[in-house]
Enquirer: 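I'd like to ask some things about the structure below.
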Amino acid sequence: MSDELVVVGLSHHTAPVSLRERLSVPPDATEEQLRCVLDTRVLREGMLVSTCNRVEFYGAGPDAEAGLARLRKYLHERGHPEPVQGHLYERRGEDAVRHVFRVAASLDSMVVGEPQILGQVKHAYELAQDVGSIGTLLDRCLTRAFAVAKRVRSETEIAAGTVSVSSIACDLATKIFGDLSGRRTLLLGAGEMGEAAARALAGRGVHLVVINRSPEKAVRLARESNGEARGYEHLASELVSADVVISSTSAKNYVLTHDLMKDVVKARRQRPLFLIDIAVPRDVEPRVGELPSVFLYDVDDLSQVADQNLAHRQQEVEAAAAIVELEVAAFERWRRTLDLTPTIVALRGHFTNVMKEELARTLPRLGELGPTEQKSLDKMCQAMVNKLLHQPLTQLKEGVEGGNGAALLEATRRLFDLDELAHEAAPTPEVKPTAATSAAPEAEPSPEIPSESMGMPDGEAMTERPAAALGGLALGLSPTNLSGEPK
Amino acid sequence: MLLKLAFTITALAYASASFLYGVYLVRGSERAKQWGARALWASVVLHAGLFALELDQLQSLPAGDVHQAMAVTAMATCVVFLALSRKRPIAVLGAFLTPVVLLLFLGAGVGRDVPPVPSPVRTFLLPFHIGVNMLGLVAFAVAFAASVGYVVQERQLRSKRLGGIFRRLPPLDVLDQLAFRSVLTGFPLLTIGIVTGALFASRLGAMDGATSMAAVLSAISWVLFAGVLLLRVAAGWTGRRAAIGTILGFVSAVTVLLGYLLRGSVIS
């Protein structure tokens, strides 16, 4: 049987931030932590995802129960003295694949549809690749997870609409003005949220003008954003020339009154003006929003937009989950073909050996044969093996893909006594710890077996690399450092 | 019989494209958007086939009369729109444009028993007159769709109902620029069309009621588009008022055409 995927971890769904902080792993410590948990007999592949919202270990090994126990024990030790029990979740097999796909597609995130998680998982995958702890199963699972995330984002509106005040302000400005580069943005006052929104807009290339009661703060902020600071006396003229105004003063009365803005709108000749009032109490008289070509949004409006966007994302979760389910099923079909490979290799080896033995016995009786005749005989026998095996292998493949593989594989191995033959032919080799890169080629199945003749779906199953060579052994693990202690 | 069948199939293709673009606007289905564009391409191909059939059976060139001119306008509008939407995120405007195209196409099929054009206007100027009007109308149709998009998008922004339609519609500035450039393209063509039309009218002498009405509506369209352009260029007006002016100008221009059709021909 092939290896099985396991996931153990905790996230914002199950654990408080204090515990997540304790267990989180900085990128430079990833290699060391992976070495602690990988084990040639239990976990041959491994990867660690550590973000502010989750700490998760993904692993693959021949014994899922043992793999889960190892990861559980490791996280308990890391969490000590705070109890981790009750905060951990565990997944194996198909559930583990589903979990990885959901995490990458941002269905498990605190803010569903947020884009950062995909980058974080990709980064974790690259780190694990550098360490050499990614083998066939994790490699396939993660690359599929990235494709699933992309598909979910393009086929659903799970990531539509932003949910933070700054990004909503940016999005709305973009929906009004299109390209924001060079657009004039006036920041009135320098409250914290106003500053954040102005910075976000400056990041999109707007020209920032800051007017603040305290000129020093205005100058500092303007310098940081390549903008300019102006005095309060320029307020009216700046309002006429600005495209976006962010107001976040601490004034008790309205700063932008209806009368003032009426004149401004007249002078602007219907040019659209996006007014963002982040101040509490408000800086902009609400009636200003009724003036033509003025789009006024206060804090409540922005929060409402955030809620609308979140609600919309939630509506899309079902469609996204359906895509994930389809992809999980496809992954499982592929994984089942991994069980097939050793049997195919053994069966083909057995037939080829019989052919060679019989040929060796028969050839001397045929007298003097030239090299051409010998080659022809050899080819004929090889063709016979291929033809004889074609139908059984096709049936095996279909059985495995249809979920009925275990019984068929078992029957095949018993009918031809493949386990015994394999044991006789190849006593357990002494495997030396090698680098993942050098181990991979020698782990390739026999190249003399064309995948078409074996009825393989796309040859992918034939590229299986024993995870031992890629996981624990690649990390140079030995029985002495399997106790969970860093090497 | 064959012509009727070809006409019905083409009309159904236009209607399907219109429906699919509508679904995309309301539901946001990417599939509806893709299939909408495919259906519109298919409509264009079918329409070209219909022209070929007409040429073969009726021995009449497209743009030979106002019906065919309308049909060519419908097809040309689709081609221009499909070409524009390849480079700009304006596919959703198909929801506003394709119903107009369908209307033009169906209108073109009504009352095809066109009386012969009187000899005083049967000169080289006639195809020129019809041609420039057609091209002008294509430009105004695009401007119309962009302006409707602008009004809808502006309304959503002001009412703070930022749902799926808001997300799918392009930014206000993109819509405003598209409408402006289209009007700028269509206006000189409309002007030439009106001048040549006036020339024909003067050759025919006294105008009947419907022709006078058409002339008045043409003048209104021209004034509206001229106003939109003047206010934009001279007074820097953009936005909602410009969009509404463009919509009214286009509606007026289409009404002129419909007025002709109700009579059976431009000149009878």
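None of the values given here were measured: they were computed from a predicted structure. Atoms considered below: every heavy atom in the structure, side chains included; atoms not considered: hydrogens, waters and symmetry mates. In what follows, every chain begins at residue 1, and chains take the letters A, B, ... in the order their sequences are listed.
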Enquirer: Do any N or O atoms from the side chain of Arg27(B) and from the backbone of Gly164(B) form a donor-acceptor pair under 3.5 angstrom?
Expert: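 Not a single qualifying donor-acceptor pair exists.
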Enquirer: Go through Arg161(B), Gln177(B), Arg158(B), Glu154(B) and name the one with the most non-hydrogen pairs under 4.5 angstrom from chain A.
Expert: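 Going by pairs under 4.5 Å, I would pick Arg158(B).
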Enquirer: Would you please classify the geometry between the Phe140(B) ring and the Phe225(B) ring as parallel, tilted or perpendicular, with 30° and 60° separating the classes?
Expert: parallel
Enquirer: Please identify, among Arg31(B), Arg241(B), Arg240(B), the residue contributing the most non-hydrogen atom pairs under 4.5 Å to chain A.
Expert: Arg241(B)
Enquirer: Show your reasoning for whether side-chain hydrogen bond (donor to acceptor under 3.5 Å, both in side chains) applies to Ser252(B) and Thr255(B).
Expert: CA-CA 5 Å; Ser252(B) 165; Thr255(B) 315; 5.7 Å; no
Enquirer: Quick one: what part of Leu175(B) sits under 4.5 Å from any heavy atom of chain A, side chain, backbone, both or neither?
Expert: neither
Enquirer: Does some side-chain heavy atom of Leu256(A) sit less than 4.5 Å from a side-chain heavy atom of Arg282(A)?
Expert: no
Enquirer: Relative to chain B, which segment of Thr156(A) carries a heavy atom at a distance below 4.5 Å: side chain, backbone, both, or neither?
Expert: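 Answer is neither: Thr156(A) stays 4.5 Å or more from chain B.
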Enquirer: Counting heavy-atom pairs under 4.5 Å with chain B, which one of Leu291(A), Asp171(A), Asp179(A) comes out on top?
Expert: Leu291(A)
Enquirer: Chain B heavy atoms under 4.5 Å from Glu157(A): which part of the residue, side chain, backbone, both or neither?
Expert: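 It is the side chain, since no backbone atom gets that close.
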Enquirer: Could you tell me which portion of Gln153(B) (side chain, backbone, both or neither) has an atom closer than 4.5 angstrom to a non-hydrogen atom of chain A?
Expert: side chain
Enquirer: Does the Lys NZ or Arg CZ of Arg38(B) fall within the cation-pi geometry relative to Trp35(B) - under 6.0 Å from the ring centre and within 45° of the axis?
Expert: yes
Enquirer: Do Tyr14(B) and Thr98(B) touch side chain to side chain, with heavy atoms closer than 4.5 Å?
Expert: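 No, too far: nothing below the 4.5 Å cut-off.
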